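None of the values given here were measured: they were computed from a predicted structure. Each residue takes its place number in the sequence, starting with 1.
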Amino acid sequence: MRTHDEVKAAVRALGVETASWAFANSGTRFKVFGQPGVPRDPFEKIADAAQVHRYTGSAPRVSLHIPWDLVDDFSALAAHARDLGVEIGAINSNVFQDDDYKLGSLANPDPAVRAKAVDHHLQCIDVLRATGSKDLKIWLADGLNYPGQDSLRDRQERLADSLQQIYAALDDDHRILLEYKFFEPAFYATDIPDWGTSLTHCLTLGDRATVVLDTGHHAPGTNIEFIVMMLLRAGRLGAFDFNSRFYADDDLMVGAADPFQLFRILHEIVSQDAHKPESRVNFMLDQCHNIEPKIPAVIRSVLNVQEALAKALLVDAAALAKAQADGDVLGANGALMDAYNTDVRPLLASMREEQGLDPDPIAAYQRSGYFEKISAERADGAQAGWGA
Ligand code: LRH
Ligand code: MN
């Protein structure tokens, strides 16, 4: 059984990567609501991400999305981040908002459109070089709405070829994080719909191609932790896009809709020591705070990950293994539930005090006056968003 100090040390070592777009306006097809103080450019998004790290001590990186975070000088943006105590994380490509991509991007029937989409990824690789980032994250909206709309074989062939061109352009220390999603915006077939398809492409591409598991991208009822273990055993779990959902890709705060699922996922991660930085699994948030205040929501999300991880680290592994070996179903389940039902908040509060942080990061942020400051400073100018 881990000691409380061992649990605190392991939680302290976990760095959660925030998403630049979570600080900008987002919404649904029905409405995108603005909020006071929303960033107007990537520099302000990174300033807000730095606030999350300042109060949690566990959000050292912020991932960017291109072109939402396009700037003239990415090394200046990276320097700005470093000045604020954070690093630029994964670089997300975006081939899902240009009119040319209506029938797909990397899988589009038109070779000129595929070439354009591949070229966008080569530009994203240049951003990796300029920011010192290592992870190129690819999610494709590519798919079909009606049976017969295109050849499934031809799309799979085109996609594999386009991905190969991108992989070949990577530097030796770069990785591809290939994300899957079972539907939306395509409603009949999605070109990378599930973990098996993403893994198959990654195995074909090479060692530096890994899978991103977005917790909102599965059919309802999917046992996500089973997929986590399959990807860990294959050595191809590159990253998580953490969020939660009640129905579809709701992108709500991780752990908000289903904290038990988050615990079960982190239990499998801890069982393979994949929570440790040397595992190179990138724990990222991919969320949209459509109605709630954004910076406190991201802080809350980091705390939810810390709480689920602390509970997973408190599982009595020896008792669990013995109960499993003995076929003691209730004993085994009980070992997990004992950890899950442990209130780890006092432990984490003392961890923060030991780090010189306020035990209640959200209250500390709200007392800081930062929200009032940015609401006044950013009153004019266009608020950033998805530009959809
Ligand atoms: C697609 C997705 C992907 C990002 C986008 C912001 O649903 O999960 O990870 O590009 O959200
Ligand atoms: Mn995602």
Legend entry - Residue that, paired with Tyr180, satisfies side-chain contact (heavy atoms from CB on, under 4.5 Å) out of Val212, Leu140, Ile227, Thr190: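 It is Ile227; the other options fail the test.
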Legend entry - Qualifying residue, where the test is side-chain hydrogen bond (donor to acceptor under 3.5 Å, both in side chains) with Ser105 and the options are Asp142, Asp100, Asn94, Asp191: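 By the side-chain hydrogen bond (donor to acceptor under 3.5 Å, both in side chains) criterion, Ser105 pairs with just one of Asp142, Asp100, Asn94, Asp191: Asp142.
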When rounded to the nearest 0.5 angstrom, what is the spacing between [atom1] in [X] and [atom2] in [Y]?
X      : Y      : atom1 : atom2 : result
Leu309 : His275 : CG    : NE2   : 6.0 Å
His267 : Leu314 : NE2   : CG    : 12.5 Å
Gln355 : Thr56  : CD    : OG1   : 8.5 Å
Arg208 : His174 : CZ    : NE2   : 9.0 Å
Leu266 : Leu14  : CG    : CG    : 8.0 Å
Gln383 : Arg40  : CD    : CZ    : 9.0 Å

Nearest heavy-atom pair of [X] and [Y]: which atoms, and what distance?
X      : Y      : answer
Gly255 : Ser244 : N-CB, 3.9 Å
Arg378 : Ala47  : NH2-CB, 4.3 Å
Met284 : Leu177 : CE-CD1, 4.2 Å
Ile299 : Pro361 : CG2-CB, 3.8 Å
Tyr247 : Pro220 : O-CG, 4.1 Å
Thr204 : Thr200 : OG1-O, 2.8 Å

Legend entry - Exercise: do Arg61 and Asn282 side chains pair donor with acceptor under 3.5 Å: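 There is such a pair (donor and acceptor under 3.5 Å, judged by atom type) between the side chains of Arg61 and Asn282.
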Inset, instruction - Tell me yes or no: between the side chains of Tyr365 and Asp358, is some donor less than 3.5 Å from an acceptor? - result: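 Tyr365 vs Asp358: no donor-acceptor pair found between side chains.
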Legend entry - Aromatic plane relationship, His217 with Trp139 - under 30° parallel, 30 to 60° tilted, over 60° perpendicular: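 Rings of Trp139 and His217: tilted, as their planes differ by 30° to 60°.
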If you measure from the Lys or Arg side-chain nitrogens to the Asp or Glu carboxylate oxygens, is any gap between [X] and [Y] under 4.0 Å?
X      : Y      : value
Asp249 : Arg245 : no
Lys45  : Asp48  : no
Arg300 : Glu307 : yes
Asp207 : Arg236 : yes

Inset, instruction - Step through the shown structure and confirm whether more than 12 heavy atoms of other residues, nucleotides or ligands are within 6.0 Å of CZ on Arg345. - result: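 Not more than 12 within 6.0 Å, no.
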Inset, instruction - Report the C-alpha distance between His218 and Leu213 in whole Å, list the side-chain angles of each, state the deciding distance to 0.1 Å, and finish with yes or no for side chain to side chain contact (heavy atoms under 4.5 Å, CB included). - result: CA-CA 9 Å; His218 305 82; Leu213 188 156; 3.7 Å; yes
Inset, instruction - Any chance you could lay out the side chain to side chain contact (heavy atoms under 4.5 Å, CB included) test for Leu336 and Phe263, step after step, and finish with the verdict? - result: CA-CA 9 Å; Leu336 233 62; Phe263 163 77; 3.9 Å; yes
Inset, instruction - Under the side chain to side chain donor-acceptor pair (under 3.5 Å) rule, what do Thr197 and Asp194 come out as? Steps first, then yes or no, please. - result: CA-CA 6 Å; Thr197 304; Asp194 53 31; 2.7 Å; yes
Legend entry - side chain to side chain donor-acceptor pair (under 3.5 Å) assessment of Trp21 paired with Asp286: CA-CA 8 Å; Trp21 54 96; Asp286 178 9; 2.9 Å; yes
Legend entry - Cation-pi, Tyr340 ring and Lys311 (6.0 angstrom, 45 degrees):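 Yes, a cation-pi geometry holds between Lys311 and Tyr340.
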Inset, instruction - Measure from NZ or CZ of Arg264 to the centre of the six-membered ring of Phe260 and say whether it is under 6.0 Å with the direction within 45° of the ring axis. - result: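 Satisfied, under 6.0 Å and within 45°.
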Inset, instruction - Could you state whether Leu64 and Trp386 fall into the same hydrophobic cluster, counting links through intermediate Ile, Leu, Val, Met, Phe, Trp or Tyr residues with side-chain heavy atoms under 4.5 angstrom apart? - result: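 Leu64 does not cluster with Trp386.
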Legend entry - Ile374 vs Ile295, side chain to side chain contact (heavy atoms under 4.5 Å, CB included): CA-CA, chis, key distance, verdict: CA-CA 11 Å; Ile374 59 175; Ile295 297 171; 4.2 Å; yes
Inset, instruction - Would you check, one step at a time, whether the test salt bridge (charged side-chain N to carboxylate O under 4.0 Å, His left out) holds for Asp161 with Arg114? - result: CA-CA 10 Å; Asp161 174 66; Arg114 296 200 299 276; 5.4 Å; no
Legend entry - Lys8/Leu347 under side chain to side chain contact (heavy atoms under 4.5 Å, CB included): CA gap, chis, key distance, verdict: CA-CA 7 Å; Lys8 287 191 269 189; Leu347 176 81; 4.0 Å; yes
Inset, instruction - Run the numbers on Asn243 and Asp250 for side chain to side chain donor-acceptor pair (under 3.5 Å), then give the verdict. - result: CA-CA 8 Å; Asn243 50 61; Asp250 306 353; over 6 Å; no
Inset, instruction - With sequence neighbours excluded, tell me which residues meet ring-ring contact (aromatic ring centres under 6.0 Å, His included) with His121. - result: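 Partners of His121 by the ring-ring contact (aromatic ring centres under 6.0 Å, His included) criterion come out as none, since no residue qualifies.
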Inset, instruction - Establish, yes or no, whether a centroid distance under 6.0 Å links the rings of Phe23 and His289. - result: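 For Phe23 and His289, the ring centres are not under 6.0 Å apart.
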